[in-house]
Amino acid sequence: MKWLREKVLNPILNQLKQGASPEKLAWSVSLGASLALFPIMGSTTFICAIVGQVFRLNHVAMQTVNYLFYAPQLALIP
């Protein structure tokens with residue numbers, strides 16, 4: 001639980017404290033999670049960066065969720 005709080009919850013709370021809107025942060029996390037399951041390894045970082053730039057979302061939140069979803073992505077490839 002401590003690891004999850006340090007690595008996931010605290011960075012998201014810090015983004016809110018720095019002025020990120022809750023709506024944009026929610027969009028960033030949800031799009032980061034859905035794009036992270038794209039079946040081509042290595043392309044998800046690039047795809048998240050493009051989508052984040054187009055919709056002006058929080059790149060830190062998107063990439064954090066993207067990296068957390070590498071294990072499920074590997075499990076879903078076969």
Side-chain angles (χ1 to χ4, degrees):
M1 236 9 224
K2 183 179 178 183
W3 180 87
L4 185 65
R5 182 178 306 262
E6 285 180 14
K7 300 295 182 187
V8 178
L9 187 62
N10 286 343
I12 291 174
L13 289 176
N14 287 338
Q15 290 292 320
L16 286 171
K17 289 177 186 175
Q18 291 177 4
S21 71
E23 292 84 15
K24 290 280 189 175
L25 198 55
W27 273 102
S28 300
V29 170
S30 63
L31 279 175
S34 63
L35 293 173
L37 297 176
F38 191 71
I40 299 174
M41 287 297 294
S43 66
T44 57
T45 301
F46 182 68
I47 292 171
C48 282
I50 299 252
V51 169
Q53 186 69 30
V54 168
F55 293 111
R56 297 179 187 237
L57 298 174
N58 190 324
H59 291 284
V60 174
M62 284 186 79
Q63 293 302 335
T64 300
V65 172
N66 181 23
Y67 293 147
L68 288 173
F69 270 76
Y70 269 139
Q73 180 188 24
L74 283 173
L76 290 173
I77 286 177

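The figures that follow rest on heavy atoms only: side chains count, while hydrogens, waters and symmetry mates do not.
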Heavy-atom closest pair, residues [X] and [Y]:
X	Y	result
His59	Ala49	CE1-O, 3.4 Å
Val65	Gly32	CG1-C, 3.8 Å
Leu35	Thr44	O-CG2, 3.4 Å

Hydrophobic clustering (ILVMFWY, side-chain heavy atoms < 4.5 Å, transitive) - are [Y] and [X] grouped together?
X	Y	value
Leu9	Ile12	yes
Leu13	Leu68	yes
Val60	Tyr67	no
Val54	Leu31	yes
Met62	Ile47	yes

Do the side chains of [Y] and [X] get nearer than 4.5 Å, heavy atoms only?
X	Y	result
Asn66	Thr45	yes
Lys24	Phe55	no
Pro22	Leu16	yes

* Do other residues, nucleotides or ligands put more than 12 heavy atoms under 6.0 Å from Glu6 CD? ->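 Yes - once you tally the heavy atoms of other residues, nucleotides and ligands closer than 6.0 Å, there are more than 12.
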* Asked: How far does CD of Gln63 sit from OG of Ser28, to the nearest 0.5 angstrom?
  ->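 Here the rounded value is 10.5 Å.
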* To do: Starting at CG of Asn58, measure out to OG of Ser21 and round the result to the nearest 0.5 Å.
  =>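 Separation between the atoms: 9.0 Å.
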